Each structure stands twice: as C-alpha cells, then as structure tokens.
Amino acid sequence: MKKQFDFIGHRRLFLIISLVIIVAGILCSILMPIQLDIEFKGGTLVRYSFTGELDEEQVDEFVSEQLGRSVEVPPFSQDMSGLSLIEISLPDQLTVDELDALHAAMAEQYGDHDITLVQANSLKPSMGRNFLLKCLVAIALAAIFLVIYVALRFRKIGGWSAGAMAVAALLHDLLIAFFAFVVFRIPLDDNFVAVLLSILGYSLNDTIVVYDRIRENRRLMDAKTPLSDIVNLSLNQSFTRTLNTSVCTFLAIGTVAVIALAMNIDSLVSFAVPMMFGIVSGFYSSVCLSTPVWALWQEHRDKKAAQKKAAGKKAKA
C-alpha cells in the first residue's frame with residue numbers, strides 16, 4: 001500500500017506556519033502603509049498617451065503650474081500598443097472646467113508629441129470610501145453564501161462546521177492576497193476586489209473536492225473508523241489532483257504576470273501577482289488547514305458528546 005502523509009498529525013505545524021505568515025503580514029502592513037487607488041480614496045487621475053521623448057520632471061512642473069497645486073507624475077509607462085503614458089494624480093477633485101483647461105494646455109504644449117487623453121477620473125473622497133465599503137460588503141455576503149452552500153451540501157458530515165472551517169481558510173487566503181498588495185506596493189483598486197472574489201471561488205473549489213472525498217470514504221469505510229484516518233486517507237487521495245490543478249492555474253497566471261511586467265501593463269500586474277499568491281495559499285489552506293482543523297473540531301465535539309452521554313448513563317445508574 002502506498003505510504004500516506006499524516007496531515008492530521010502535522011496540523012499544529014501547519015497552523016503555526018500560517019500564524020507566522022499572518023503576523024509577518026500584519027507587521028508589514030503597519031510598517032508599510034496601505035496604498036489606496038483613486039477608486040477607494042478619491043482624488044483625480046488623468047492619463048495621456050504620447051509619442052517621442054518627454055522629461056518627467058518638466059511635465060510635473062508644467063502640470064503643477066497649470067493647476068496651481070502640486071501633482072504626482074510617476075515614471076512613464078507604456079500601453080499594450082507601445083505608446084508611452086503620462087499619469088497625473090492629485091489627492092483632491094478637479095472641476096470640469098479645470099480638467100478642460102488642463103487638456104487644452106497639454107494639447108498646446110505637447111502637440112508635437114501627438115498627445116492624446118486616455119483617461120480622466122475625478123472622485124470625491126467620500127465616494128471612494130463608499131465604493132470601498134460596498135466592495136467589502138459584497139465580499140462578506142459572498143462568504144456568507146459560501147458557508148450556507150457548504151453546510152447544505154455536506155450536512156451528513158457536519159455541514160455547518162465544515163462550512164465555517166472552509167470560510168476560515170478562505171479568510172486566510174484573502175489575507176495572504178492582501179499582504180501581497182502591501183509587500184509589492186500595489187495600490188488597492190478594483191483589481192483588489194476581483195482578486196478576492198476569484199480566490200473565494202477558487203480556494204473553495206479545492207476544499208469541496210476534499211470534503212466530497214471524505215463524505216464518500218465515510219460511507220464506504222467501517223463506521224468505527226476514526227475520523228482522523230478517514231480525513232488522512234481523503235487528503236492523500238485528492239492531493240495529486242488538487243496539486244496539479246493549482247500548478248496549472250499558477251503557471252497560467254504566472255505567464256500573464258510575466259508578460260504584463262515585460263510590457264509594463266500595471267492593470268494586469270496588479271491582478272496577476274496577488275492572484276498567484278492566492279492560488280498557492282488556496283492550495284495550502286484547503287489541504288493543510290481547513291480539513292485537518294475541521295477534523296479536530298469534529299473530534300472535540302464527538303468527545304464532548306460521548307462524555308455527556310456517559311455522564312447521563314452514570315446518573316441514571
């Protein structure tokens with residue numbers, strides 16, 4: 001018989017590893033303040049495409065002079081067609097007249113460089129905060145519905161506890177993705193919400209595969225078989241499939257990340273890089289956290305039920 005890895009016996013080690021990573025991530029979040037994009041913090045973001053060569057400092061000085069306030073002009077990037085991009089950001093909102101005046105001044109100053117307006121967003125800070133709040137509510141609702149789904153689907157093996165442990169593992173994965181945004185200094189934008197929702201579905205799928213195997217083995221094996229043995233067998237049986245799925249997905253997203261980095265496409269980088277960490281975390285939490293911890297909870301509950309039953313019999317005697 002093929003030798004099996006003892007996932008249940010190593011669950012405390014798995015928990016310690018996760019706690020160390022989470023604590024390190026929290027420290028990074030404290031030491032490196034979270035960056036919010038305009039969608040969440042409000043302000044103004046204007047992008048222009050141009051041809052030829054321009055000096056970043058000169059553009060910064062020119063725009064600041066036109067608007068009468070300090071602006072931020074990061075290093076020029078490129079779009080998918082190879083055109084250079086100027087990105088101008090301000091912490092406050094610009095009026096329509098101010099934006100029109102800026103467009104006219106840019107067209108006049110840099111007309112020889114075929115300068116073209118690509119994007120212009122201007123949001124009040126309150127609108128950005130409201131949008132962030134709505135996104136967090138959407139994620140919370142998704143997590144609640146996932147608990148209900150798992151609880152109903154696996155009600156024969158303790159559905160509510162299975163759902164709770166699955167969502168706890170999902171929260172672990174979401175934190176890892178969030179820490180990726182923090183560590184790599186990627187501003188939180190709408191891609192942040194897309195990453196979190198994608199990880200919710202992806203990681204839960206891995207967990208459901210394992211739960212399905214546990215339910216099947218519980219039906220086939222002897223009723224007196226310890227739950228830890230059933231869980232270990234199920235994890236070993238589904239390990240290769242889960243690993244192969246995760247590796248294939250990781251390679252696909254990794255390819256997107258490499259191409260995006262090579263072509264300097266920030267919108268793709270801010271999705272692909274955190275998603276890669278979420279995929280790794282999703283595999284780890286599904287195999288090493290959610291199911292082993294669920295087994296620990298079930299064993300504790302069964303032990304308490306047995307003690308209560310024994311105490312009842314003793315009282316009657």
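Quick caveat, the model's predicted, so the values are computed rather than measured.
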- [ ] Go through the structure and list residues passing side chain to side chain donor-acceptor pair (under 3.5 Å) with E216, not counting sequence neighbours.
- [x] R219

TODO: In sequence, state the C-alpha distance, the side-chain angles, and the governing distance for M106 and V63, and then conclude on side chain to side chain contact (heavy atoms under 4.5 Å, CB included).
DONE: CA-CA 8 Å; M106 293 290 287; V63 175; 3.9 Å; yes

Task: Rounded distance [0.5 Å steps], CG in N236 versus CZ in F5 - done: 8.5 Å

- [ ] Identify the heavy atoms of R47 and L45 that sit nearest to each other, and give their distance.
- [x] NH1-CD2, 3.7 Å

Task: Residues forming a side chain to side chain contact (heavy atoms under 4.5 Å, CB included) with S238, sequence neighbours excluded - done: V209, V210, T242

TODO: Enter the distance from L174:CG to L200:CG here, rounded to the nearest 0.5 Å.
DONE: 5.0 Å

- [ ] List for me each residue that meets side chain to side chain contact (heavy atoms under 4.5 Å, CB included) alongside S281, sequence neighbours excluded, and say none if there are none.
- [x] H172, D173, I176

- [ ] Mark yes when over 12 heavy atoms from residues, nucleotides or ligands other than R69 sit less than 6.0 Å from its CZ; otherwise mark no.
- [x] yes

- [ ] Quick one: name the residues clustered hydrophobically with L27, using the 4.5 Å side-chain heavy-atom rule over I, L, V, M, F, W, Y, and just say none if it's on its own.
- [x] V23

Task: Shortest non-hydrogen contact from Y110 toward I115 - done: O-CG2, 3.6 Å

TODO: Look at the side chain of D60 and the backbone N and O of E56, then say whether any donor-acceptor pair between them is shorter than 3.5 Å.
DONE: no

- [ ] Provide the closest heavy-atom pair for S29 versus F178 in the form atom of the first, atom of the second, distance.
- [x] OG-CE2, 3.7 Å

Open item on the list: Less than 6.0 angstrom separating the ring centers of F283 and F239, yes or no?
Closed with: yes

Open item on the list: Tell me every residue that passes side chain to side chain contact (heavy atoms under 4.5 Å, CB included) with S70, counting only those two or more places apart in sequence or in another chain.
Closed with: none

- [ ] Identify the two heavy atoms, one from L235 and one from P292, that lie closest to each other, and give their separation to 0.1 Å.
- [x] CD1-CG, 4.1 Å

TODO: Count the heavy atoms belonging to other residues, nucleotides or ligands that lie under 6.0 Å from CG of D112, then report whether that count exceeds 12.
DONE: no

- [ ] Kindly state each residue pair satisfying side-chain hydrogen bond (donor to acceptor under 3.5 Å, both in side chains) with at least one member in residues 184-200, sequence neighbours excluded.
- [x] N191-S270

Open item on the list: Taking the ring centre of each residue, are F192 and F181 less than 6.0 Å apart?
Closed with: yes

